[in-house]
Protein chains: 2
Amino acid sequence: MKRKATINDVAKAAGVSKGLVSFALNDRPGVSAENRDRIRDIAQALDYRPSVSARSLSTRTSYALGLVIARDPEILGADPFFPSFIAGVERVFLHEGRALVLSVVGDEQHEATVYRTLAADARVDGVFLTDLRHDDPRIPLLHELGMPAVTLGRPEGGAGSEPRPFPVVTLDDTPGIVAVTQHLIDLGHRRIAHVIGPHRMLHASRRNAAFAQTLAAAGLPADLVVETDFTAEQGASATGRLLDLADRPTAIVYGNDPMAIAGIGLAHERGLRLPDDLSITGFDDSELARYVYPALTSVRTDPLRWGEAAARVLLQLVAEGSAADVDLEPARVVTRASTGPAPRA
Amino acid sequence: MKRKATINDVAKAAGVSKGLVSFALNDRPGVSAENRDRIRDIAQALDYRPSVSARSLSTRTSYALGLVIARDPEILGADPFFPSFIAGVERVFLHEGRALVLSVVGDEQHEATVYRTLAADARVDGVFLTDLRHDDPRIPLLHELGMPAVTLGRPEGGAGSEPRPFPVVTLDDTPGIVAVTQHLIDLGHRRIAHVIGPHRMLHASRRNAAFAQTLAAAGLPADLVVETDFTAEQGASATGRLLDLADRPTAIVYGNDPMAIAGIGLAHERGLRLPDDLSITGFDDSELARYVYPALTSVRTDPLRWGEAAARVLLQLVAEGSAADVDLEPARVVTRASTGPAPRA
DNA sequence: CTGAAAGCGCTTACAG
DNA sequence: CTGAAAGCGCTTACAG
């Protein structure tokens with residue numbers, strides 16, 4: 001590794017103090033235009049880049065942001081949401097000289113330890129909070145740690161009790177789940193099931209409430225709800241249980257695409273024709289949705305854009321101490337071949 | 001954020017110099033057992049954790065390792081390999097106090113810039129090199145930057161030309177591809193196609209060579225090879241082209257599971273029965289493989305374990321300046337319902 | 001507008 | 001075995 005130019009090298013070459021170099025390069029007032037330009041030219045010529053660790057030590061800033069994901073490592077790969085979300089975050093960070101520190105913890109027990117370590121080591125200046133839960137323990141924890149955060153979706157009421165709310169980046173999934181449910185009702189389905197993610201996650205119960213309301217508005221019961229952990233495995237077994245019912249559903253709404261694809265697999269396994277005997281819908285509209293058979297009707301949420309927006313908000317929060325909430329375009333249905341008219345009874 | 005205890009606080013509380021605290025906590029010789037224990041107790045009582053940035057500045061070490069992925073962000077989520085690999089890396093880092101700095105760059109053009117920035121900013125102490133390519137430009141680049149690295153799989157010969165080779169963690173995929181091809185031959189297939197990843201990637205051409213040899217040993221031609229970018233989209237279109245052939249294949253070997261699943265989708269779309277009319281195999285044995293219909297025969301590569309092993313090797317390389325290569329258990333076939341006897345001609 | 005100096009919190013020769 | 005001090009490369013009041 002060839003020796004890097006330091007601020008001292010630049011200062012010497014420019015015949016000024018290193019303090020002035022720092023001011024010039026950081027766009028702070030109090031440097032003559034002439035000196036500023038000259039210092040910048042010299043810095044560029046020397047290929048000078050400030051040392052992140054030295055800056056960090058001085059400014060008590062790490063120039064890195066964190067994402068802690070609490071899902072079983074084995075199954076993280078199954079759900080395309082996070083990779084796409086991360087890609088969106090990266091797109092913004094790349095231009096801002098920020099790094100993403102990623103942590104995958106198997107379960108929610110070790111989660112607190114990771115956040116505490118991240119804070120104690122000052123590894124990151126702020127974090128992304130995904131998969132919000134009811135009474136989410138991370139919110140008081142992060143407040144206690146004084147760690148800035150942005151949440152994906154709005155956390156529970158809190159009634160203004162918490163010190164200062166975190167900025168929120170929402171992508172309203174309600175219109176999507178309402179539309180996909182209504183789409184099935186319009187196709188004549190009367191027995192519609194919902195295979196959802198973990199109840200403790202806000203989005204799962206929020207979506208299920210929207211699902212139930214839409215059914216209720218049509219005078220239909222929402223009694224077929226199965227909770228899963230978002231894995232294809234549980235998606236398949238939930239499907240099996242639903243299809244075993246005497247009064248089995250003619251349509252199933254799934255909480256993510258992998259579970260829906262596993263549902264398609266199981267239905268085929270049992271000799272059902274799709275969508276003639278059973279309609280199926282997914283969530284997130286992953287790449288594969290288009291290419292399974294029958295092509296999967298899904299709800300598009302755009303995790304990539306969500307990542308970009310969240311990154312910008314978090315960066316602003318860290319830099320300025322506050323940031324406005326952002327509302328992204330709501331989720332919407334993408335209709336494909338996996339949904340069709342209800343079978344005649 | 002409550003003020004953290006610093007080394008000075010510990011030194012004062014213990015009535016010793018901070019140098020001695022540093023020695024005691026870093027397990028260096030020259031500290032009396034008595035003092036060492038006392039200092040450690042006090043450090044623990046004060047909940048002292050050394051500042052990463054201060055250490056970094058002193059030791060010129062970042063205590064972070066990097067992974068740069070050059071794939072289109074839009075499609076990164078489709079392939080479960082990386083999330084699982086990352087989860088494996090994390091499992092090791094968590095206990096070692098290391099952080100993973102992840103970078104997703106859309107294309108290979110910007111790749112060099114990212115590595116240079118990572119090196120110039122001393123963001124990471126070393127990197128993981130995945131998806132090795134022919135004449136891989138990253139290898140000379142990393143040597144130039146003096147950046148330690150571990151490669152997944154063995155890079156091309158090099159004939160001992162490079163300064164010092166990087167340690168390698170291999171998971172030999174040849175036995176897997178040979179076995180899956182032989183499996184199809186044994187089932188009576190004579191027209192077997194291969195839908196592979198980008199030719200410039202070593203594993204794609206290495207696997208294709210193994211594929212061709214296995215066919216050749218059985219007196220069969222390996223003329224049906226289609227190159228893709230690993231996306232489900234190209235997996236589907238490659239399948240379409242193969243099925244359009246007059247002398248179309250009765251079996252298709254795919255380079256990853258998403259492409260194979262898309263292949264299943266397209267075959268069904270065209271009214272083919274699987275495996276009666278067409279046998280299909282995937283690669284990596286992702287979670288979904290088990291749950292599609294028909295369940296996908298695949299080649300298991302265990303990205304999670306690969307990540308763990310690579311993390312350990314990289315950590316050792318950074319700490320000690322060298323590390324031995326590691327050979328993981330080779331890939332092997334997992335036979336499921338998507339492969340069956342060749343249709344009678 | 002500019003310079004000299006202190007300080008961030010560690011590690012590490014150097015003396016004793 | 002232990003202490004005092006320099007140094008890592010920045011930023012930031014403080015003087016002028």
Side-chain angles (χ1 to χ4, degrees), chain A residues 1-40 42-43 46-64 97 119-123 125 318-319, chain B residues 1-40 42-43 46-64 97 119-123 125 318-319:
Chain A
M1 228 177 287
K2 42 183 183 181
R3 208 184 79 75
K4 286 184 48 186
T6 72
I7 197 171
N8 256 322
D9 301 327
V10 178
K12 270 177 204 156
V16 299
S17 73
K18 50 182 195 170
L20 200 60
V21 173
S22 175
F23 271 62
L25 263 29
N26 289 319
D27 253 336
R28 310 197 22 157
V31 187
S32 67
E34 187 190 15
N35 254 339
R36 183 165 36 72
D37 292 347
R38 199 165 52 85
I39 290 172
R40 288 191 175 173
I42 291 174
L46 290 172
D47 196 23
Y48 167 71
R49 298 186 55 96
S51 147
V52 174
S53 45
R55 289 189 95 178
S56 294
L57 186 56
S58 278
T59 61
R60 300 158 180 286
T61 299
S62 70
Y63 302 98
D121 294 355
R123 274 276 186 199
D125 304 324
V318 168
Chain B
M1 229 176 284
K2 41 182 182 182
R3 207 183 79 75
K4 285 183 46 185
T6 73
I7 196 171
N8 256 323
D9 301 328
V10 179
K12 270 177 205 156
V16 299
S17 73
K18 49 184 196 167
L20 200 60
V21 174
S22 176
F23 271 62
L25 263 29
N26 290 319
D27 252 334
R28 309 197 23 158
V31 186
S32 66
E34 185 191 15
N35 254 338
R36 182 164 38 71
D37 292 347
R38 200 166 50 88
I39 290 172
R40 289 192 174 171
I42 291 174
L46 291 171
D47 196 24
Y48 168 71
R49 298 187 55 95
S51 146
V52 174
S53 46
R55 290 189 93 178
S56 294
L57 186 56
S58 278
T59 61
R60 299 161 180 285
T61 300
S62 70
Y63 303 98
D121 294 354
R123 274 278 187 198
D125 304 324
V318 167

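All values reported here derive from a predicted model rather than from experimental measurement. Labels below follow one simple rule: chain letters A, B, ... track the order of the sequence lines, proteins then strands, and each chain is numbered from 1. Below, each value reflects all heavy atoms present in this structure, side chains not excepted, and no hydrogens, waters or symmetry copies.
Residues A/A54 and B/L57 share a closest heavy-atom pair of CB-CD1, 3.7 Å. Considering all non-hydrogen atoms of both residues, A/V16 and A/V21 come closest at CG2-CG2, 3.8 Å. For the pair B/N26 and B/R55, the tightest heavy-atom approach, listed with the atom from each and the gap, is OD1-NH2, 3.3 Å.
Per the geometry, CZ belonging to A/R38 stands 15 Å off P belonging to C/dC1, to the nearest Å. The nearest whole Å value for the distance from the CZ atom in B/R60 to the P atom in C/dG9 is 20 Å. Atom pair A/L57:CG and C/dA6:C1' shows a separation of 13 Å (rounding to whole Å applied).
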Margin query: Treating primed atoms plus P, OP1 and OP2 as sugar-phosphate and everything else as base, which nucleotides of nucleotides 10-16 of chain C get B, S or - for protein heavy atoms under 4.0 Å?
Written below: BBB----
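No side-chain heavy atom of A/S56 sits less than 4.5 Å from a side-chain heavy atom of A/T61. The closest side-chain heavy-atom distance from B/F23 to B/I39 is not below 4.5 Å. Using a 4.5 Å heavy-atom threshold, the side chains of B/L25 and B/R36 count as separate.
Dashed line: the shortest gap from a side-chain N or O of A/N35 to OP1 or OP2 of C/dT2 is under 4.0 Å.
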Next item on the list: Starting at the 5' end of DNA chain D, write a dot or bracket for each base, bracketing those in Watson-Crick or G-U wobble pairs whose two distances are under 3.5 Å and using | for partners on another strand.
Entry: |||.||||||||.|||
Checklist line | A/S22 and A/I7: CA distance, side-chain angles, deciding distance, side-chain contact (heavy atoms from CB on, under 4.5 Å) verdict | finding: CA-CA 8 Å; A/S22 175; A/I7 197 171; 3.9 Å; yes
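Between B/D27 and B/R40, at least one side-chain N (NZ, or NE/NH1/NH2) sits under 4.0 Å from a carboxylate O, which counts as a salt bridge.
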